[in-house]
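Here the structure comes first, spelled out in structure tokens, and everything after it is commentary.
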Amino acid sequence: MSQQLGTLEDLPDAYRADMAAAGVAPLWPMMRNVLPHGRPSAVTRPGFWDYGKLRPLLLRAGELTPVEKAERRVLVLCDPGRGAGAMQATASIYLGMQLLLPGETAPAHVHTPSAVRIVVEGQGGYTVVDGEKLPMEEGDLVLTPGGEWHDHGHEGSAPVVWLDALDLPLFVYLEGSYAVEGPLQAQRNRPDASQVEYRAAGLAPTRRPGAGARRYPMMRYPWERTRAALDAMAAHAGGDVAELDYVNPETGEDVLPTMGFTAMRIGAGQVEAPPLRSCSGAYHVIAGRGVAKIDGARFEFGPKATFTAPVFADIRIAAEDDCYLVRVHDRPLQEKLGYYEERAR
Ligand code: GTQ
């Protein structure tokens, strides 16, 4: 079955030159590169970022580069498989640590990629999306979906840091990535939808016929609620790891078109060993310590660490104490394309 295919070197030099001059190339020497057997071959390699190492670099960026000179003051987490400078953490997922100092604002813009913020440190930060002011407390998940105006501000007294997850690499690949800048938004004088319409799981506002919900009805998922939900679930999980999907409260679907998010609680002594998944992923540690083994790489993690897993990675996460993590993945994209799968380990 696995036949040896002809190589470029098998072909006469003159023929190769004629093909190149005509703007064509033979498929067969490249066949296994573009269509490997059985499973994809990943360029992405497992990555690990300790917050203790990133934090001083980020604060130094705060001294070196005023926010006006940065638009967004971010250190990008570069996939080791693509090397220093790679503007991505996996094939489809971009991750960056963003710093906002007290009193600063990051100007309003709108872009084609979608973003999610996971708050790492600090109090008083907020994001305004389409006029809705979303407070950013540690562990909160805040959406800024593609096509929605957003700006960031900071009313607190100490640095605020959050992890950005964007589907930017996909949009760059598609030659579809661009932004438009605008003035800071007027803020509606009311709390965000998580505190008004969507206070409780399973309840959504009653609507008149034809009066639909917003496409992104709730753009902030307070960590306090997520953690309480994980604890309640873990108490009755019979020793299983508790994992919850972040969903659109009106539709039950993934919060964004291409990226999905889950919250996990791996209890002390438990090991999370998921099936091999066709999606890539990133884990951000909200609390707890443990050891992650991803495709043979071994990472000792603590609070605020971030690590990544390529497609079909062999993942084992052993918790030393109770661990809370947020997982970012591209399963929604793969499901839309019709190829998401899980294989037994
Ligand atoms: O906060 O809007 O990390 O536009 C990269 C691009 C953050 C943002 C990033 C962005 C933003």
Side-chain angles (χ1 to χ4, degrees), residues 47 49 51 54-55 57-59 61-62 65-79 82 84-101 104-122 124-137 140-155 159-185 187 192 216 219-221 255-259 261 282 284 304 306 308 326 328 330:
W49 295 268
Y51 188 60
L54 296 192
R55 190 176 189 276
L57 293 171
L58 203 48
L59 292 178
T65 307
V67 74
E68 297 75 29
K69 285 273 176 201
E71 188 168 330
R72 296 293 188 264
R73 196 193 287 111
V74 176
L75 295 183
V76 179
L77 279 52
C78 305
D79 164 28
R82 293 177 168 84
M87 290 288 111
Q88 60 202 96
T90 78
S92 76
I93 300 170
Y94 157 106
L95 298 173
M97 280 286 177
Q98 180 161 175
L99 170 70
L100 208 56
L101 293 169
E104 288 184 337
T105 52
H109 68 188
V110 58
H111 40 69
T112 46
S114 289
V116 164
R117 334 289 173 170
I118 301 161
V119 184
V120 179
E121 173 183 332
Y126 63 87
T127 292
V128 185
V129 183
D130 188 27
E132 186 164 308
K133 184 179 181 180
L134 307 162
M136 299 173 91
E137 303 291 331
D140 287 0
L141 192 97
V142 171
L143 311 181
T144 60
E148 302 275 347
W149 284 95
H150 57 281
D151 55 73
H152 309 295
H154 188 352
E155 296 164 328
V160 159
V161 177
W162 62 78
L163 179 67
D164 291 315
L166 283 84
D167 51 11
L168 180 66
L170 185 64
F171 281 76
V172 170
Y173 181 78
L174 294 172
E175 301 182 344
S177 184
Y178 71 96
V180 175
E181 288 179 58
L184 287 181
Q185 303 167 78
Q187 297 165 20
D192 75 279
Y216 300 104
M219 289 180 290
R220 172 183 175 232
Y221 293 73
V255 292
L256 290 171
T258 71
M259 286 185 297
F261 299 84
H284 180 70
K304 306 183 194 295
T306 306
T308 52
V326 173
V328 185
D330 50 7

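When a ligand or atom number is given, it counts from 1 through the structure's own listing order. In this text the structure is predicted, and so the values were computed from the model without any measurement.
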Answer yes if the side chains of Trp162 and Asp164 hold a donor-acceptor pair under 3.5 Å, and no otherwise. yes
Evaluate the side-chain proximity of Ile93 to Thr308: yes if any heavy-atom separation is below 4.5 Å, no if none is. no
Please state which protein non-hydrogen atom is closest to [atom] and give its distance, to 0.1 Å?
atom	result
atom 5 (C) of ligand 1	Tyr94 OH, 3.4 Å
atom 6 (C) of ligand 1	Leu166 CD2, 4.0 Å
atom 8 (C) of ligand 1	Arg72 NE, 2.9 Å
atom 7 (C) of ligand 1	Asp164 OD2, 3.3 Å

Note: Gly147 and Val110 closest approach over all heavy atoms is C-CG2, 3.3 Å
Below 4.0 Å from any atom of ligand 1, is there a heavy atom belonging to Glu71? no
Number the atoms of ligand 1 from 1 as they appear, then name those within less than 4.0 Å of a heavy atom of Val74, with their elements. 3 (O)
Between the main-chain N or O of Tyr178 and the side-chain N or O of Thr112, is there a donor-acceptor pair closer than 3.5 Å? yes
Main chain of Gln88, side chain of Asp79: is a donor-acceptor contact present, judged purely on distance under 3.5 Å? no
